[in-house]
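Below: one structure, written as structure tokens.
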Number of protein chains: 2
Amino acid sequence: MQNRAEDGLNCTIDERIVGKERERETLGENLRRHLERSISVGELAPGTRLDEKELAARYQVSRTPVREAFRLLAASGMVELRGRQGAIVREIGVNQLLEMFQVMAELEGLCARLAARRITTCQRQRLAEIHQHLVEIGEAPTPDPDLFYQVNLEFHELIYTASHNTFLEEQTHSLRNRVGAYRRQVTNLPQRIASTIEEHERVMQAIFQHDAEAAHNAMRGHLTLLGEDLIDFIAQFGR
Amino acid sequence: MQNRAEDGLNCTIDERIVGKERERETLGENLRRHLERSISVGELAPGTRLDEKELAARYQVSRTPVREAFRLLAASGMVELRGRQGAIVREIGVNQLLEMFQVMAELEGLCARLAARRITTCQRQRLAEIHQHLVEIGEAPTPDPDLFYQVNLEFHELIYTASHNTFLEEQTHSLRNRVGAYRRQVTNLPQRIASTIEEHERVMQAIFQHDAEAAHNAMRGHLTLLGEDLIDFIAQFGR
DNA sequence: TATATGTTTATTGTATTCAAGTTTGATTTA
DNA sequence: TAAATCAAACTTGAATACAATAAACATATA
């Protein structure tokens, strides 16, 4: 908490601690991060089977850490373990995806609400910078989708941090990772670029004006891709 | 999902599937459930050191499944693994506890909002029954705190289910478990019983009237109060 | 020819062994 | 007597060996 407060003042991130933690990191943890990244980026497509032996060979470790990583990923819902039938990258059904988006919208809404009250001046500057960057990317003749995705991510992540609720930040970050592979498909649609920037604008202004409710609503609106009525309708289907 | 839909109609829970899953459950998973329960109930107090060898002996398994369980619990934040220094039941600081309550309030608020729109008639009946039960417990000359805690849990859990968002249900349930050991101390305060029932009344009425916003606010209010009481409780401790 | 059953193979779950690190206690020196 | 250093033991991290289960293929029978 204290560290984070300092963060807000001097705008630096203490990478040393991360580095130190990395040293002490267990092989399984390390592997989990690798795989999680691969999955959330879409490198490992949903449905892909993960072979213990193969991964063990690839990463030059024994099966034990690989299994550890699998369990961890299963716990966070990114892979599915079927007893003695191997691990597969979890396929998220349309239903569950909508469910997750709904929760995501609520969590990010809370982030925005808290950020409106707690954001530091330094974080305000940074947020404006990121937004400006995003605008520039959008104005390019042929916007780079990957770059847009990346900077868009930065925008949202900064708001998580600005909520100054570490737990919320972690939860939201983790959930975003989990739906990352799918979200990318939606967020990156070219026609979404303009409206994304517009919506970010609204969120940002609300935060800058310390209008918690407006920030909450703007963020929720930004993330509510489908009408709530439609979601209700699909929820009745039951997959 | 299909099962859940049927749930709504005939009010039964298919225990067979759970039983079947239990059979196929891995030892590590099983152990995780046991430990998680012990922790969330408060049987294993925060700060308690968990010894691999001892647990392996107690549960008549090798160290491997025990380690698996530890990793899983660490992933969900219930225990802390310090490299080669053993696992301890995580002590949740006051800060983080408040952070968690804030997220909890938001998630349960969403549950209530969705429940207001989606609750089935069967679930309405059940909710009313549970509430009535809670009232009766509260009216007893000397209310049983454990029973009150248990039935109170049922009330909230039913609302999670009535949201008809499985993912949200799981997330909220998991978070509640995580703060369970601390929450219990607060919820069980005798003077909270009356106001808890009153607040439940408001939440329930809003849900019955399909007033999503009112349900959301009532639930958030209900849990925010818990947070404030929590502050009082912790203040007594001094930590 | 199709289906069912049995056997074999491959893959995962569990146990045991090996290695590395931390802690604690004892001994020595100041 | 106190503090510091070294060593030994205990505990965890990782690897390998073993057991059990499920899937796939082949053969036999209807």
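Below, chains carry the letters A, B, ... as their sequence lines are ordered, and counting in each starts from 1.
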Out of D/dT12, D/dA15, C/dT11, which nucleotide sits closest to the side chain of A/Lys53?
C/dT11
Given atom CG of B/Leu55 and atom C1' of D/dT12, what is their separation to the nearest angstrom?
14 Å
Could you check whether the side chain of B/Thr64 and the base of C/dA15 have a donor-acceptor pair of N or O atoms closer than 3.5 Å, going by distance alone?
yes
Tell me which nucleotide among D/dT11, D/dA22, C/dA15 gets nearest to the side chain of A/Gln85.
D/dA22
If you check every side-chain atom of A/Asp51, which of D/dT11, C/dT17, C/dT11 has the closest atom?
C/dT11
Heavy atoms only, 4.0 Å cut-off, all strands: where does A/Leu81 land among base, sugar-phosphate and nothing?
nothing
Rounded to whole angstrom units, what separation is found between the CD atom of B/Glu29 and the C1' atom of C/dT14?
15 Å
Does the B/Arg63 side chain pair with the main chain of B/Lys53, one donor and one acceptor, at a distance under 3.5 Å?
no
Go through A/Thr120 and A/Gln123 one step at a time and tell me if the side-chain hydrogen bond (donor to acceptor under 3.5 Å, both in side chains) criterion holds.
CA-CA 5 Å; A/Thr120 64; A/Gln123 287 168 334; 3.2 Å; yes
Rounded to the nearest angstrom, tell me the gap between atom CD in B/Glu68 and atom C1' in D/dG13.
15 Å
Give one of base, sugar-phosphate or nothing for A/Arg71, where a contact means two heavy atoms less than 4.0 Å apart.
sugar-phosphate
Please give, in whole Å, the distance from D/dT16 P to A/Gln60 CD?
12 Å
Gap between atoms CG and P, on A/Leu27 and C/dC18 respectively (whole Å)
20 Å
Nucleotide nearest A/Arg67 (side chain, heavy atoms from C-beta), chosen from C/dG13, D/dA14, D/dT11
C/dG13
Provide, to the nearest angstrom, the distance between the CG atom belonging to B/Leu31 and the C1' atom belonging to C/dT14.
13 Å
Name the nucleic acid region contacted by A/Arg82, choosing base, sugar-phosphate or nothing; use a 4.0 angstrom heavy-atom cut-off, strictly under.
nothing
Between C/dA10 atom P and A/Glu54 atom CD, what is the distance in whole Å?
16 Å
Rounded to whole Å, the OH-P distance (B/Tyr59 to C/dA15) equals 15 Å
For C/dG13 and B/Arg63 - does any side-chain N or O of the residue sit under 4.0 Å from the phosphate oxygens OP1/OP2?
no
Test B/Tyr160 against B/Glu170 for side-chain hydrogen bond (donor to acceptor under 3.5 Å, both in side chains), laying out the working first.
CA-CA 8 Å; B/Tyr160 305 163; B/Glu170 280 170 15; over 6 Å; no
Would B/Arg176 and B/Glu157 pass as an ion pair if we require N to O under 4.0 Å?
no
Of all the choices, C/dG13, D/dG13, C/dT11, which nucleotide is nearest to the side chain of B/Thr26 once you look at every atom?
C/dG13
Pair B/Arg90-B/Gln96, side-chain contact (heavy atoms from CB on, under 4.5 Å): steps then yes or no
CA-CA 11 Å; B/Arg90 187 158 181 185; B/Gln96 198 185 348; 3.6 Å; yes
Remember a base hit wins even if backbone is also touched, and classify B/Gly86 as base, sugar-phosphate or nothing at under 4.0 Å, heavy atoms.
sugar-phosphate
